[in-house]
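Heads up, the thing below is written out as structure tokens.
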Number of protein chains: 2
Amino acid sequence: MSRPVASADIFQAIADPTRRAILDRLRSGEQPVKQLAEPFEMSLPAISQHLQILCNAGLVSQQKSGRQRLYRLNPIPLRQVSEWVARYEPFWQQKLDALGDYLEENP
Amino acid sequence: MSRPVASADIFQAIADPTRRAILDRLRSGEQPVKQLAEPFEMSLPAISQHLQILCNAGLVSQQKSGRQRLYRLNPIPLRQVSEWVARYEPFWQQKLDALGDYLEENP
DNA sequence: AAATAATTTAAGCGAATGCTTAACTAACCG
DNA sequence: CGGTTAGTTAAGCATTCGCTTAAATTATTT
């Protein structure tokens with residue numbers, strides 16, 4: 001097999017810019033592959049492989065409709081990312097507050 | 001060169017579990033490499049390389065102190081991740097609401 | 001000055017990643 | 001049926017990744 005396991009890890013799945021763009025694109029509703037692939041300068045199989053990785057990560061689900069396959073966004077696993085990054089929010093607030101104070105004191 | 005550019009992309013930087021763990025670890029304050037590396041079953045150079053990638057992504061900064069190098073968390077680039085993922089929050093709210101409704105109607 | 005400690009740099013290696021082209025499968029249409 | 005459309009699977013390839021061990025660098029200690 002050539003692309004067997006295709007990491008089910010969310011962070012890995014969203015690491016690739018094309019995959020993030022696909023997800024962004026899916027926010028406007030479910031779409032068939034060809035339409036989804038349209039803005040990318042990349043072969044269809046490449047997109048198909050990205051979709052499979054997103055599928056394995058649970059970020060996307062597919063449904064057959066005639067001869068096309070509709071892909072639909074499933075954002076729920078992204079909560080994992082949201083929760084992880086949220087733990088850092090107090091830190092950057094603090095950093096930005098400090099920067100603000102500095103700028104106030106040194107105008 | 002062996003590890004030249006080391007992608008400055010944030011999403012790439014946080015894709016690796018070890019690097020996320022390092023960041024998590026740094027939330028408790030700045031630390032020298034050896035201490036930072038302690039819980040990982042991995043050689044010191046490996047950790048050093050991860051730190052360099054985090055550095056390139058701007059997620060971490062270093063400061064020399066005697067013969068050790070203190071690494072400090074800089075969470076600000078994580079806002080990029082936070083902002084990206086935030087765009088999906090309305091979607092999963094919707095999904096979870098639907099799930100809640102379903103469970104209420106099918107107890 | 002020699003020894004030791006903290007860390008990085010260098011080189012190399014196997015595995016994973018992102019892509020390609022070619023071949024396949026399945027659904028629709030004349 | 002035969003042809004076209006939509007998509008996936010397969011195979012291969014170059015690059016990147018994450019790691020290792022060995023050597024180099026820099027700072028402290030004796």
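Formation of a donor-acceptor pair under 3.5 Å by the B/E41 side chain with backbone atoms of B/P39 is not found in this model. Side chain of A/N74 to backbone of A/G58: a donor-acceptor contact under 3.5 angstrom is found.
In this structure, OG1 in B/T18 is found 11.0 Å from CG in B/L23, a value given to the nearest 0.5 Å. Taking CD1 from B/I22 and CG from B/L36, the interatomic distance works out to 5.5 Å, rounded to the nearest 0.5 Å. In this structure, CD on B/E30 lies 11.0 Å from CG on B/L73, to the nearest 0.5 angstrom.
For D/dT8, one of the phosphate oxygens OP1 or OP2 lies less than 4.0 angstrom from a side-chain nitrogen or oxygen of A/S48. For the pair B/H50 and D/dC17, the criterion of a side-chain N or O lying under 4.0 Å from OP1 or OP2 is not met. An OP1 or OP2 oxygen of C/dT9 is reached within less than 4.0 angstrom by a side-chain nitrogen or oxygen of B/Q52. For D/dA6, neither phosphate oxygen OP1 nor OP2 lies less than 4.0 angstrom from any side-chain nitrogen or oxygen of A/Y71. B/Q62 has a side-chain polar atom (N or O) that falls below the 4.0 Å cut-off from OP1 or OP2 of C/dT8.
Rounded to a whole Å, the CD1 atom of B/I22 is 13 Å from the P atom of C/dT7. Between B/D16 atom CG and C/dA16 atom C1' the separation is 12 Å, expressed in whole Å. As a whole-Å value, the separation of B/I47 CD1 from C/dT8 P is 11 Å. Distance CD1 (B/I53) to P (D/dC17): 7 Å, rounded to an integer number of Å. The interatomic distance linking B/N56 (CG) with C/dT8 (C1') rounds to 14 Å, in whole Å.
A heavy-atom distance below 4.0 Å to DNA chain C is reached by these residues of residues 23-45 of chain A, ordered by number: A/M42, A/S43, A/P45.
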Evaluate B/W84 against A/D24 for side chain to side chain donor-acceptor pair (under 3.5 Å), listing each step before the verdict.
CA-CA 9 Å; B/W84 180 77; A/D24 283 347; 3.2 Å; yes
Under the side-chain contact (heavy atoms from CB on, under 4.5 Å) rule, what do A/I53 and A/D16 come out as? Steps first, then yes or no, please.
CA-CA 11 Å; A/I53 288 170; A/D16 184 86; over 6 Å; no
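Put simply, the side chain of A/R25 reaches to within 4.5 Å of the side chain of A/Q31, judged on heavy atoms.
Each of A/L70 and A/I47 belongs to its own hydrophobic cluster when Ile, Leu, Val, Met, Phe, Trp and Tyr are linked at side-chain heavy-atom distances under 4.5 angstrom.
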Under 4.0 Å protein heavy-atom contacts per nucleotide of nucleotides 24-30 of chain D, with B for base, S for backbone only and - for none
--SBBS-
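Counting only heavy atoms from C-beta on, B/A46 has its side chain closest to D/dT20 among D/dT8, D/dT20, C/dG18.
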